[in-house]
Structures are given as structure tokens and as C-alpha cells.
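Quick note on labels: first sequence line is chain A, next is B, and so on, each numbered from 1.
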Amino acid sequence: MSCMSVAEAFKAKPGSKTTVKGWVRTRRDSKAGLSFVAITDGSCFDTFQIVVPADLANYAEEVQKLTTGCSIEADGELVESQGKGQSIEMQVSAVRVLGWVDDPDTYPVSAKRHTFEYLREVAHLRPRTNSFSAVARVRNCLAQAIHRYFHENGYCWIHTPIITASDCEGAGQMFRVSTLDAANTPRTPEGAVNWEEDFFGREAHLTVSGQLNVECYCLALSKVYTFGPTFRAENSNTSRHLAEFWMVEPEIAFADLNDDANLAEDFLKHCFKTLLNERADDMAFFNERIDKTVIETLEHMIESPFERVTYTDAVKILEKSGKKFEFPVAWGSDLQSEHERYLTEEVFKKPVILMDYPKDIKAFYMRMNDDGKTVAAMDVLVPKIGEIIGGSQREERLDVLDQRIDAMGLPKENYWWYRDLRRYGTVPHAGFGLGFERLVQFCTGMANIRDVIPFPRTPKNAEF
RNA sequence: UCCCCGAUAGCUCAAUGGUAGAGCGAGCGGCUGUUAACCGCUAGGUUGCAGGUUCGAGUCCUGCUCGGGGAGCCA
């Protein structure tokens, strides 16, 4: 006998004989001589109703003892439903129980409402809930959409390293990678830890960005991107930060900041369109139960051109707004969350691309503008999340790059291979970084970033 | 890391310093082509951990752990 996923069964013709497999969500017995069992296998949002007749040999002993979470497989015929609530269901001829639930009273994800905070403590079982299976499918859909977008537009996916031997970007705290015995580290004559005896013969860390590496491939393959895990050891405790997260970083050669902004806008719109098109069931759930405006918001994003404003103009807008902010606005200091949200949520009511930031608040590799005061950086701001993308045109002129490295007191020798890119056939190029979880957050309306990644890594939490 | 809030039944929450309760979930029974079904009954607790104040602490105080909201940092 054939076998179907729940998603396939919903689309199949009545009369098909098949087998479905999944986990019990609910069971309702009827004295009419049957039980209704709703099962899910994660292939789509909806549960599938199977109708089990009481004359099955294992009805009293097994079927009537099924509780939420039990795994079963059922043979039968797909029929049009006699009840309301579903168009198709299965008339069952045999049920086999694959796995029981030890103690239904303490089953952690019983068929009732649970808080997200609680479900985080049972991260191994939360994918069995409506919300987390929906998040998993949306996350997958967006990841596939991202790869498809770049693939169809001629980009090459570059696998940049997870372990890096030098803190090239200087972006935040890094996790150390070491095989030394922590209780008995080798020492130099001066008493410092002797990293030369470590695995790589030098200090090594988990990557905070694949950007510098991907630039090497950009200046050979022209259109490239990375999409992989990234690590920050910052002690950040917010609903928008993870110690381990996934980042998308495209890099384009022969391109300036405007090309970069165009790419960011087109890319985001493609992701939103794909999601609404391919996961309508899950998005209907998020729109109904998590955030009543998500679908409307995404549709609005797809239709409207993103607003482009220079940092300098944004500061003027904020100063003239008359709005009282907790932190004052001043040219030269970075915009606060409240400023960014005011711009995107109240002034423009759509995504805003802020461009040309003061050089002193941005990284060394960002291209110096002709005014000598600003660099060709951009941030894409969206309502609720704030900054979802950060990018820049990279400094392709070696002399200017060296000046910036010196001015910021960075060790030039560490950047020897990065500087080589400017010595041998340099070209204007640009790129950006997108926090993948923030994209999932924005698209689902989920309030906490810990609920859009299967096993969140945050300070004091790596249980699963 | 800073500020604020919280931790009581499997889960969500009640309980003037004075015998710890409800809803949901679970078990049993009833009813029903049912839909987060419905109705009845039953079980379920060293009140996060360690101290302290008090005749008496879930409640007040101190420390710790963990969780939440906000901020910083950022993606």
C-alpha cells in the first residue's frame, strides 16, 4: 500500500487507499462506534482527521488509549468528510501504534496552550506544537528562497570558514576555539598562555562574519554570498540577539552603494513574496494568533519602494520632528533604537535605507565618501525589528584603506591578505549582512528571536 | 553588563504574616459524526535554592540561580 504525507493526503482524490503516519494531536471518541483522531506529521499546518471504527481488533486496548504525542500509522481510504471542519479524512481499516507516551499527565506539550517561555525549556519537544512547526516551515521556506534568489541571479554560494585565526573585523567578543587543557595551559617564559602550542599554533575563534573571506571570492567570481552560522560572545540579553545565529552576506563586484541598496531591496521583496506564496497556511496562523498585521505588513513591503535617506537628512528629520526622545539626536553619534523605529514606523511607515554614516561610528573597511566625513554605509530599517540589514561599499583604494586602519589603531599586518585584494586588480565592490533570524522574526511577527531558531544559544543557555 | 518585574499542582494563575485554591491538562464515568467538543467525579504541592526576622513565612529581609521586559552592543 502507498504512503502519503498529511500534506499529500489533503490534496489526494477521495477513494485513494493509502497509509498515513504521524503524531496524535487530539482524540475524540464517539458512541456512534468510532473515534476521531487528529494527527500531524509536520508536512503542513493543519492536522489530518482519521476516523477509526470501534470494530478494529485493537480499538479498546490501543486506540482508546491514544493520547497527545503518541506516534501511529493508519491504513485506510480517503473519503469526503461527513463532518464540518475538514473536506477530506481517512476511513481507517487498521491502526498500528508505534510509540506510546509514557505518562500523559506529565507529557510536556499536552494539547493545551503553553507560553513560549515554558516551551523554550522543552526545546526538544516544542516542534510538535502548532507555533514551532509553523516557524520551522517558514524558516525553511525563507532559507530556500534566499538560495534560490542568489542562484537564479548568478551568484555563487561561498562556504566561508567557521573557525578564524584572527579577529579581522574587530566586531565584538569572540568565542575561543582551543584544544589546550584549560586547567594546565602551556606558558611562555613571561607567564602568558603560549598559544603556539595550541591546535592552530595561534589564537583561534569562531567567526563573527564571513565578510572579509567572501570579499576574496567576490574579487574573482564577481557575485557571491555566504549563508551560515555566526557567533558573538557578547553578553546580550534581548529579544533580538543570539550568541549563535545565521547570517546571509552577499558581496558584489563592480558595484557601489546604490547597487548594494538595490540588491537589498529586491532581495527582501523576493523573500516576502516567496513566503506569502508558498506558506499561506502557516502565515494565516501567524496573522491570526501571533500578529494580526504580519501579512498586511509584508504585502505593503512588497508594493512600496523603500525610502532612501542619508544619515545627515535623517538627523535633520529627527531634530525637526519635535518628538521627545530618551536619547538626544546629534550628528556624529549613532542612531538609537527609538530613532530608527520612529523613522521607519512613524515618518515613512515602510522600510527605510539610511545611507552615508559618519566615518567615526563605522568599520574600517567602509568606503570613504568625497566629503571626508562620511562613509558609504547603509542600514535597512524595518518596523518593530529596527535594523535588519547592515552593509556598505568597501574601500577599494589601498592608500585610503591603510589610512583608516592606522587611524583606528588596528594592526596592519593582520590584514595582509585583505590588503592584497587592493594591490592586485582592485575594483569597487559592496555587500551587506542580513541576520536570518531577524528576517524570520519580521516575517512571522514572533516577538522573541529565541523562538525562531530551533535551539537558541544565549548567555547561560545551551541545554539542548 | 545596567535598570525594572517575576518564580506556588504537569501548564497558566489566585491566596491581609494565621489550615495552599481555581481553570486547563491528566485518570475514570456519561453523552455525542466529533472539531481547543461537552457534563460529572477523582488524583495531583517540602510554594526555585540557601540563610534570616517572627509564636507563626507562599507572603517580610539578605544572597544565589533561572526566566521575562527595557537599555547598551549589534545582525
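Checking the phosphate oxygens (OP1, OP2) of C73(B), no side-chain nitrogen or oxygen of S236(A) falls inside 4.0 Å. When the side-chain nitrogen and oxygen atoms of S110(A) are compared with OP1 and OP2 of C11(B), none of them lie within a distance under 4.0 Å. Neither OP1 nor OP2 of G69(B) sits under 4.0 Å from any side-chain N or O of N237(A). Look at R450(A) and you'll find a side-chain N or O under 4.0 angstrom from OP1 or OP2 of G68(B). The phosphate of C74(B) has neither OP1 nor OP2 within less than 4.0 Å of any side-chain N or O from T238(A). Contact annotation: R120(A) reaches the phosphate of G68(B) (side-chain N/O to OP1 or OP2, under 4.0 Å). Applying the 4.0 Å criterion to OP1 and OP2 of G70(B), one finds that S239(A) has a side-chain N or O inside that range. Contact annotation: R28(A) side-chain N/O to U35(B) OP1/OP2 distance is not under 4.0 Å.
When Watson-Crick and G-U wobble pairs are counted only if both distances are under 3.5 Å, C74(B) pairs with no nucleotide at all. The partner of C38(B) is G30(B), judged by Watson-Crick or G-U wobble contacts that both fall below 3.5 Å. C60(B) is paired with G52(B) under the criterion used here, namely a Watson-Crick or G-U wobble arrangement in which both key atom distances are under 3.5 Å.
Here E117(A) lies in heavy-atom contact (under 4.0 Å) with sugar-phosphate atoms only. Q49(A) comes within contact range of at least one nucleobase, with a heavy-atom separation under 4.0 Å. Across all strands, L242(A) comes closer than 4.0 Å to base atoms (heavy-atom distances). Residue H114(A) is in sugar-phosphate contact alone, with no base atom involved, counting any heavy-atom pair closer than 4.0 Å across all strands shown. Residue Q441(A) is classed as having no contact, given no heavy-atom separation below 4.0 Å to the nucleic acid. Using a 4.0 Å heavy-atom criterion, one finds that E121(A) contacts no nucleic acid atom at all. Nucleic acid contact for Y118(A): sugar-phosphate only, since backbone atoms but no base atoms lie under 4.0 Å from a heavy atom of the residue. If you check every strand for non-hydrogen atoms under 4.0 Å, E340(A) touches nothing.
Evaluation of atom-type donor-acceptor distances gives a pair under 3.5 Å for the side chain of D105(A) against the base of G25(B). One can find a donor-acceptor pair under 3.5 Å joining the base of G33(B) and the side-chain atoms of E89(A).
Side chains of R148(A) and N153(A): no donor on one and acceptor on the other come within 3.5 Å.
The D29(A) side chain lies nearest to U32(B) when the options are C11(B), U32(B), A75(B).
Atom name P, nucleotides G58(B) and G48(B): the rounded distance is 10 Å, in whole Å. Comparing C11(B) with U47(B), their C1' atoms are spaced 16 Å from each other, to the whole Å. Annotation: C5(B) and C39(B) have their P atoms spaced 40 Å apart (nearest Å).
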Practice task
Determine, stepwise, if the pair T164(A) / L206(A) fulfils side chain to side chain contact (heavy atoms under 4.5 Å, CB included).
Solution key: CA-CA 6 Å; T164(A) 61; L206(A) 295 179; over 6 Å; no
